[in-house]
There are 2 protein chains.
Amino acid sequence: MEYEGADPGTVRPGGRTARVRAAVLRAAGDAMAEGGFAHLDLADIARRAEVGKTTVYRRWGSVTGLVADLLTDMAEQSLPRTETGSLLDDLKANARLVQRTLTDPRQGALFKAVIAAATCDARTAQALHRFYETRVEEWAPCVQQAVARGELPEDTDPHEVIRAVSAPLYYRFLTTDGHLDEATADRSAQAAVAAARAGVYTRRA
Amino acid sequence: MEYEGADPGTVRPGGRTARVRAAVLRAAGDAMAEGGFAHLDLADIARRAEVGKTTVYRRWGSVTGLVADLLTDMAEQSLPRTETGSLLDDLKANARLVQRTLTDPRQGALFKAVIAAATCDARTAQALHRFYETRVEEWAPCVQQAVARGELPEDTDPHEVIRAVSAPLYYRFLTTDGHLDEATADRSAQAAVAAARAGVYTRRA
DNA sequence: TCCATAACGGGACTCCTGTTCCATTTGCTG
DNA sequence: CAGCAAATGGAACAGGAGTCCCGTTATGGA
């Protein structure tokens, strides 16, 4: 009577298991970028990954489960952050990074699909939240430095400022057909700085 | 040889056809609010609406097509706007309206599903864009009045300001698990005002 | 190196989504 | 109010997504 509840892939995570996971996650990303969330089919992903259909169903169970795993994988690979010494420039760099990501054909489609998946399943939503939490955490220091330099009020919430930079870009990305250009990215950084300076993001406000 | 390309429901839009459309759209809204976009099944919607499954497939064809129709229907029913004479108060009212909508269990789930559907299909995305365009258009006047009063720079883009109010709320709604409260709504209004005053949303900026 | 078994892969099977056909109902027009 | 055809609805059908079974492969530990 062993532990039968152990998820497949957790007892022997190395070798073939790891290769299969990498291939499937890659294939899932490709499929989402090409067809979007709705047309996603686990059998097709298995074919792309040159892996048995049964394996995909056994290890991930559903499309949303697979996306959740993909998101935890994405959260682990972090991107380098700039460090210019100026809050506005740092936030502009962040905004342009987001803008480039969402504008890129493959990445943009991928993010759309991932967001769609997260709205359909609680576990996937948690994975998405964690992904953005790590991204926000990575960029928070540049706000903290601005606070230390006296550019911003003492009790400014760094996370809120970083989120304020991304928010307009994602909002445009999802709810308008206007294209996201660099000027838009710069505006969102400027807006975040203006609001932060005005003390909107202080914790006690 | 008549016009065979005419979509079903367009030649005799009255009577039964209209009743069927209303029943199906209502059922679609219910289904989306309950199960989310992924578990959406046209046969189930037909059952809820007490309508033949064939009818739903013939008139709307797919889940995304149905959502697109639902969105044009939603865009037509407009909500009343406040008129307080103060930009900040107007925008706070707008922000709280959005916050209440997204927080409401049924409406919130519905919007999640609708956004998910829009990421999967170009036609549905267009319908979603038009929906937000009309909403933004409705609220733009209060920004224009603020410009007229001299509260904001001359060439401020009113649409951008309204979008700036909603953006943080939607961003939180989709990418974090933090709950949307009135304080958050007020902050987004304050941030929009601060940025607008700083001239971030002027057209030539 | 060798063994126990975790993990994979193929194929058959089931159920459900979406399509097609045709009879019936019911708007619209004269 | 009468008739034509638009629109609906039921039933049968087809195709594909997801499950199950069991033999095969190869991992991790001794």
Side-chain angles (χ1 to χ4, degrees), chain A residues 1-28 31-32 35-69 113 117 120-121 124, chain B residues 1-28 31-32 35-69 113 117 120-121 124:
Chain A
M1 195 73 77
E2 309 294 331
Y3 288 156
E4 297 180 355
D7 290 323
T10 56
V11 178
R12 288 180 185 173
R16 179 168 63 170
T17 300
R19 279 197 303 277
V20 165
R21 177 167 184 255
V24 169
L25 291 187
R26 175 176 195 81
M32 292 175 91
F37 172 66
H39 317 99
L40 222 47
D41 167 23
L42 293 196
D44 174 53
I45 291 175
R47 222 172 299 127
R48 288 167 184 260
E50 296 180 327
V51 153
K53 184 177 68 160
T54 314
T55 301
V56 178
Y57 277 104
R58 183 173 32 229
R59 281 189 56 185
W60 290 280
S62 66
V63 171
T64 52
L66 178 53
V67 176
D69 195 22
C120 298
D121 177 72
T124 311
Chain B
M1 194 75 74
E2 309 293 333
Y3 290 156
E4 295 181 355
D7 290 323
T10 56
V11 179
R12 290 179 183 172
R16 180 170 60 172
T17 299
R19 278 196 304 279
V20 166
R21 177 168 184 255
V24 169
L25 290 188
R26 175 176 195 80
M32 289 175 93
F37 172 65
H39 317 98
L40 222 45
D41 166 25
L42 293 197
D44 174 54
I45 291 175
R47 223 173 299 129
R48 287 166 184 261
E50 295 180 329
V51 153
K53 184 178 66 161
T54 314
T55 301
V56 178
Y57 278 106
R58 181 170 35 228
R59 283 191 51 188
W60 289 280
S62 66
V63 171
T64 52
L66 179 54
V67 176
D69 195 23
C120 299
D121 177 71
T124 311

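In what follows, chains carry the letters A, B, and so on, assigned in the order in which the sequence lines appear, proteins first and then strands, with residues in each chain numbered from 1.
Spacing between atom CG of B/Asp41 and atom C1' of D/dA17 amounts to 13 Å, rounded to whole angstrom units. C/dC8 atom C1' lies 17 Å from atom CZ of A/Arg21, rounded to whole Å. To the nearest angstrom, C1' of D/dT8 lies 16 Å from CG of B/Leu42. The nearest whole Å value for the distance from the CG atom in B/Asp44 to the C1' atom in C/dG18 is 15 Å. One can place CD1 of A/Ile45 at 11 Å from P of D/dA17, the figure rounded to the nearest angstrom. B/His39 places its NE2 atom 14 Å from the C1' atom of D/dG18, with the value rounded to the nearest Å. Rounded to an integer number of Å, the gap from A/Asp7 CG to C/dA7 P is 9 Å.
Within the structure, every pair that satisfies the side-chain hydrogen bond (donor to acceptor under 3.5 Å, both in side chains) test and touches residues 10-28 of chain A, not counting sequence neighbours, is listed here: A/Arg21-A/Asp69. Residue pairs that meet the salt bridge (Lys or Arg N to Asp or Glu O under 4.0 Å) test with at least one member in residues 53-63 of chain A, sequence neighbours left out, do not exist here.
Partners of B/Ala68 under the side-chain contact (heavy atoms from CB on, under 4.5 Å) rule, at least two apart in sequence or in another chain, are B/Thr124, B/Ala127. Partners of A/Ala18 by side-chain contact (heavy atoms from CB on, under 4.5 Å), not counting sequence neighbours: none found. Not counting sequence neighbours, the partners of A/Ala49 by the side-chain contact (heavy atoms from CB on, under 4.5 Å) test are A/Ala23, A/Val24, A/Ala27, A/Val51. Legend: residues meeting side-chain hydrogen bond (donor to acceptor under 3.5 Å, both in side chains) with A/Thr55, ordered by chain and number and at least two apart, are absent. Residues satisfying the side-chain contact (heavy atoms from CB on, under 4.5 Å) criterion with A/Ala22, sequence neighbours excluded, are absent altogether.
Between A/Val67 and A/Ala117, the closest heavy-atom pair is CG1-CB, 3.7 Å. When every heavy atom of A/Tyr57 is checked against every heavy atom of A/Ala43, the shortest pair comes out as OH-N, 4.4 Å. The two atoms that bring B/Ala38 and A/Cys120 nearest to each other are N-SG, 3.5 Å, heavy atoms only.
Listed in residue order, the members of residues 50-67 of chain B having a heavy atom less than 4.0 Å from DNA chain D are B/Val51, B/Gly52, B/Thr54, B/Thr55, B/Arg58, B/Arg59.
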With side-chain contact (heavy atoms from CB on, under 4.5 Å) as the criterion, how do B/Leu25 and B/Leu66 come out once you've worked through the C-alpha distance, each side chain's angles and the decisive distance to 0.1 Å? CA-CA 8 Å; B/Leu25 290 188; B/Leu66 179 54; 3.8 Å; yes
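Two residues, B/Val20 and A/Arg16, neighbour DNA chain D, and the one matched to the more 5' nucleotide by heavy-atom proximity is B/Val20.
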All N/O pairs under 3.5 Å across the protein-nucleotides 1-3 of chain D interface:
none

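Between its two ends, the helix from C/dT1-D/dA30 to C/dG30-D/dC1 turns its axis by 50°, counting five pairs per end and rounding to 10 degrees.
Within the structure, a side-chain polar atom (N or O) of A/Arg19 is placed less than 4.0 Å from OP1 or OP2 of D/dT27.
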